[in-house]
Amino acid sequence: MLTINPTIAHAWDVPIAQARDIQLALKEKVIRQDRLKKTLSRVAGVDVGFEDNGKITRAAVAVLDFPSLELMEYAIARRDTRFPYVPGYLSFRETPAVLDALQKLSQLPEVLLCDGQGVAHPRRFGLACHIGVLTEIPTIGVAKTRFIGTHATVPEEKGGYVSLMDHGEEIGAVLRTRKGVKPVYVSIGHRISLPTAIHLVMQCVTKYRLPETTRWSDRIASNKTGDY
DNA sequence: GCGACAG
DNA sequence: ATCTTGTCGC
């Protein structure tokens, strides 16, 4: 089951200024080194969607067997949306529902790929970090578009990548998961190093741009087509 | 002051 | 995120 350290648990329905304080306090808890199982057997993806013009937040977690990437289990959770979308504070809008979904799983995943940034964030505490620090599950941020940072031209071949930089600091990697597709933005969430995160994301990719973990959670979170 | 801005 | 059709390219 999912247990959150009461020492770091906090309110979600807070003003932006307080959300910022929470980020500044929790960013110190982020572990940027590998603290995950050597041999993985369960990897998961999490994504969030909305219903009723945004009134309802819906989170979906898809757990896949590793390395076969076959869907093993999934969970969906819905709750009233309480926080607006404000760049830099996405986690305050989406995390509550994500925690609910994780709580429904029969077994927690050994690593979780999140749909958004990890430390590639203005205060180095994006969605993936927030979910990771609260749950202690190793997490990786896999975003479809850039939020902050600059980078050189990304090599065209599959698996090619360059550092995502911000004020001289490496905050992530811009990774070409397939030849001829737009790259994805990978960053540390919690309990994993960037090299390991990049490698793991590639291990979760088959024939599409996005890793299977996020493809499954996307599909489940948005009630789309697909058998599962 | 003027843009940029995860989902 | 979500609203939405056809269309260009491999």
Side-chain angles (χ1 to χ4, degrees), chain A residues 12 16 19-20 22-23 26-27 30 45-62 76-101 112-134 139-151 156-158 164-167 169-190 194 197 201 206-211 213-225:
Chain A
W12 293 102
I16 293 294
R20 179 195 170 83
I22 290 170
Q23 292 180 326
L26 295 185
K27 64 181 281 189
V30 173
V46 63
D47 186 41
V48 171
F50 297 88
E51 302 175 358
D52 291 322
N53 296 311
K55 290 184 172 58
I56 301 296
T57 298
R58 176 183 52 215
V61 183
I76 298 176
R78 278 170 240 267
R79 67 152 61 200
D80 291 340
T81 302
R82 302 291 299 279
F83 205 92
Y85 170 65
V86 181
Y89 299 90
L90 179 66
S91 64
F92 283 82
R93 178 176 171 79
E94 305 193 339
T95 302
V98 170
L99 297 181
D100 285 349
L112 180 63
L113 278 65
C114 307
D115 193 8
Q117 315 289 344
V119 300
H121 176 278
R123 290 167 291 287
R124 308 293 183 262
F125 197 71
L127 174 68
C129 299
H130 209 150
I131 293 173
V133 167
L134 290 185
T139 57
I140 301 172
V142 183
K144 295 181 290 297
T145 62
R146 185 194 70 88
F147 183 24
I148 63 166
T150 59
H151 62 86
E156 290 299 326
E157 73 271 17
K158 172 184 174 73
L164 177 61
M165 308 292 293
D166 183 45
H167 300 295
E169 177 189 357
E170 180 180 54
I171 58 175
V174 189
L175 173 67
R176 187 91 63 186
T177 55
R178 297 290 299 173
K179 182 179 180 8
V181 301
K182 287 173 35 181
V184 296
Y185 297 75
V186 179
S187 57
I188 290 170
H190 188 51
L194 184 57
V201 167
T206 58
K207 55 185 295 191
Y208 303 97
R209 176 168 85 117
L210 300 178
T213 42
T214 59
R215 293 189 74 243
W216 273 111
S217 55
D218 268 2
R219 191 173 323 174
I220 297 169
S222 54
N223 282 323
K224 288 187 179 176
T225 328

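In what follows, chains carry the letters A, B, and so on, assigned in the order in which the sequence lines appear, proteins first and then strands, with residues in each chain numbered from 1. Computed from a prediction, not measured in an experiment: that's the story for all the values here.
A donor-acceptor pair is defined here as one N or O able to donate and one able to accept, closer than 3.5 Å; no such pair exists between the side chain of A:S91 and the backbone of A:L127. With hydrogens and angles disregarded, a donor-acceptor distance shorter than 3.5 Å links the side chain of A:Q23 to the backbone of A:G88. Side chain of A:T213 to backbone of A:G45: no donor-acceptor contact under 3.5 angstrom is found.
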Item to check | Bracket string, DNA chain B, 5' to 3' - pairs by Watson-Crick or G-U geometry under 3.5 Å, | interstrand | outcome: .......

Checklist outcome for this item: The contact string for nucleotides 2-7 of chain B, one letter per nucleotide 5' to 3', using protein heavy atoms under 4.0 Å with B, S and - for base, sugar-phosphate only and none, comes out as --SBBB

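Distance check, rounded to the nearest 0.5 Å: CG of A:L210 to NZ of A:K182 gives 9.5 Å. In this structure, CD in A:E157 is found 8.5 Å from CZ in A:R176, a value given to the nearest 0.5 Å.
Between A:F92 atom CZ and C:dA1 atom C1' the separation is 19 Å, expressed in whole Å. Rounded to a whole Å, the CZ atom of A:R178 is 13 Å from the C1' atom of C:dC10.
A:R78 and A:D100 are not joined by a salt bridge, as no carboxylate oxygen comes within less than 4.0 angstrom of a charged side-chain nitrogen.
Ring geometry for A:F83 versus A:Y89: interplanar angle of 30 to 60°, hence tilted. The aromatic rings of A:Y185 and A:H151 sit perpendicular, their planes meeting at an angle over 60°, well past the 30° parallel limit.
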